[in-house]
**Q** 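After the structure tokens below, expect a handful of questions from me.
Naming: A, B, ... by sequence-line order, numbering from 1 per chain.
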2 protein chains.
Amino acid sequence: MKSSNEPVPKTSVHSQRGQCAKRISILEAAAEVFCRQGFAGASIDEIAAEACVSRQTVYNHYREKENLFTAVVEDVMDRANAMLFSILSTFPENPDNLEDDLAAFAVRLSRNCICNQDGKFLRRLVQSEGERYPHLFESWRRHGPGKIGTALAALFARLAHKGLLKIDDFDVAARQFLALVNADLQMSTLFGATPSEEELESAARNAVRTFLRAYAAPAA
Amino acid sequence: MKSSNEPVPKTSVHSQRGQCAKRISILEAAAEVFCRQGFAGASIDEIAAEACVSRQTVYNHYREKENLFTAVVEDVMDRANAMLFSILSTFPENPDNLEDDLAAFAVRLSRNCICNQDGKFLRRLVQSEGERYPHLFESWRRHGPGKIGTALAALFARLAHKGLLKIDDFDVAARQFLALVNADLQMSTLFGATPSEEELESAARNAVRTFLRAYAAPAA
DNA sequence: GACGTTTTAGACAATGGTGTCTAATTTTAC
DNA sequence: GTAAAATTAGACACCATTGTCTAAAACGTC
């Protein structure tokens with residue numbers, strides 16, 4: 001379901017305790033349906049059916065549709081955040097081949113943060129409902145696209161400090177790195193398809209090659 | 001596809017003749033509302049009100065909601081296309097300062113194709129309704145993000161042929177150029193704000209600087 | 001001014017959604 | 001095994017929306 005073969009927390013469920021299976025099931029189904037249909041187009045009946053749960057149960061757990069929606073968004077954001085930091089921690093402390101390491105990193109990032117179900121959900125929902133629920137996605141957009149921006153900037157700062165990169169503005173570089181990785185994937189992700197592993201690797205290669213041409217520290 | 005040679009109204013209206021002001025007014029209002037609310041969330045009543053037209057008139061011109069929606073999408077795509085080629089034609093045949101020319105070009109592109117109302121509409125609607133109406137946006141995604149990709153690739157091929165750029169894959173370079181320009185604007189455009197002219201210029205500068213570091217032909 | 005067309009407001013049925021309620025049934029906890 | 005809690009199906013009122021229909025009004029053109 002979650003298309004991740006990485007070390008990952010299983011379905012994190014935000015801040016509520018008392019997490020019977022139903023509750024989680026509803027959250028997952030709701031994410032699916034909200035993502036497919038948008039807020040207005042999604043019906044509680046459809047969500048209940050997809051969760052294999054009666055409609056009343058949905059109302060028991062989440063008072064109303066809007067409430068369910070915010071719960072879903074928060075849940076997905078939590079999970080996406082956990083995933084992001086899990087992936088960031090995989091970057092080697094002392095890279096031996098910067099290009100390869102960055103490419104592998106980019107592949108993991110795009111596979112598990114951008115092209116997966118949660119990434120698609122967030123992109124789509126921020127786009128279509130972001131203006132209607134500004135408070136909901138505030139934290140998302142506050143830290144650039146999903147906090148990835150600032151975390152990446154920190155990573156690049158570390159690499160620059162080690163003399164591996166030559167960067168004047170870390171934030172700009174981070175945004176550009178993400179943008180480059182996305183460049184070859186946009187076609188696929190926009191339409192909704194999940195790119196193959198080969199596409200991911202090719203996109204990462206292209207991105208890293210260009211990024212390093214622009215930002216690699218001149219050979220000593 | 002039959003382009004009428006009747007005097008073209010400032011808002012292009014695709015393929016129908018008999019373009020009374022009402023028809024255009026409805027198209028514009030519908031674009032607004034569909035963009036704000038998505039397909040499911042938009043109501044004909046709201047569109048009619050925004051167009052200052054009775055609901056019946058909407059139904060007279062466009063049989064049903066879905067029909068109106070496709071008409072709007074086609075209209076916006078036509079207009080966006082025209083705008084794109086108009087902008088492409090502004091790039092100087094023999095650039096005297098590549099960085100400045102590219103930056104100015106990027107500003108025009110982002111201002112008039114990406115950050116404007118039509119760009120926002122297309123991005124949002126492709127994202128949220130693209131899977132539901134794959135045929136509608138096929139041409140959009142066929143040629144990369146809105147045909148800009150292939151057109152840009154051709155431009156870069158020309159510049160490479162003149163010895164100003166050194167590019168191995170023009171399509172990749174085109175996608176990356178667009179991605180870089182977007183990198184600094186995503187935050188704003190995702191949320192729905194229209195960036196100021198300064199932001200546009202700064203984004204273009206950042207994008208072009210990185211792009212040229214990666215792709216500028218080595219000085220002769 | 002007359003005539004055909006377009007537009008309008010409003011009523012209308014049909015549909016589908018939300019959220020509530022109830023009473024029966026299942027699950028869980030003790 | 002029993003009591004409490006959770007879940008279920010179904011009916012329900014309420015509301016918004018789509019799309020149709022009608023008869024009156026406005027419009028444009030000759």
**Q** At under 4.0 Å, does any side-chain N or O of H61(B) touch on OP1 or OP2 of dT7(C)?
**A** yes

**Q** Can R175(A) and D171(A) be counted as an ion pair, charged N to O under 4.0 angstrom?
**A** no

**Q** Fit a plane to each ring of Y133(B) and F39(B), take the angle between them on a 0 to 90° scale, and name the class: parallel (under 30°), tilted (30 to 60°) or perpendicular (over 60°).
**A** perpendicular

**Q** Identify the two heavy atoms, one from L178(B) and one from I148(B), that lie closest to each other, and give their separation to 0.1 Å.
**A** CD1-CG2, 3.6 Å

**Q** Find out whether F69(A) and L125(A) are in side-chain contact, i.e. whether some heavy atom of one side chain is under 4.5 Å from a heavy atom of the other.
**A** yes

**Q** For nucleotides 8-26 of chain D, just jot down a letter per nucleotide in 5' to 3' order: B, S or -, based on protein non-hydrogen atoms under 4.0 Å.
**A** BB-B-----SSBBB-----

**Q** Taking the six-membered ring for Trp, are F177(B) and F156(B) ring centroids under 6.0 Å apart?
**A** yes

**Q** Find the distance L68(A):CG to dT18(C):C1' and express it as a whole number of Å.
**A** 13 Å

**Q** Quick check on the helix from dG1(C)-dC30(D) to dC30(C)-dG1(D): what's the angle between its two end axes, five base pairs per end, to the nearest 10°?
**A** 30°

**Q** Please say which of L200(B), I87(B), T194(B), N116(B) ends up in a side chain to side chain contact (heavy atoms under 4.5 Å, CB included) with R111(B).
**A** L200(B)

**Q** Please lay out, stage by stage, how Y59(A) and I44(A) fare under the test side-chain contact (heavy atoms from CB on, under 4.5 Å).
**A** CA-CA 9 Å; Y59(A) 280 107; I44(A) 303 282; 3.6 Å; yes

**Q** Can you name the residues that form a salt bridge (charged side-chain N to carboxylate O under 4.0 Å, His left out) with D100(B), not counting sequence neighbours?
**A** R205(B)

**Q** Nearest whole Å is fine: how far is dT7(C) P from I24(B) CD1?
**A** 13 Å

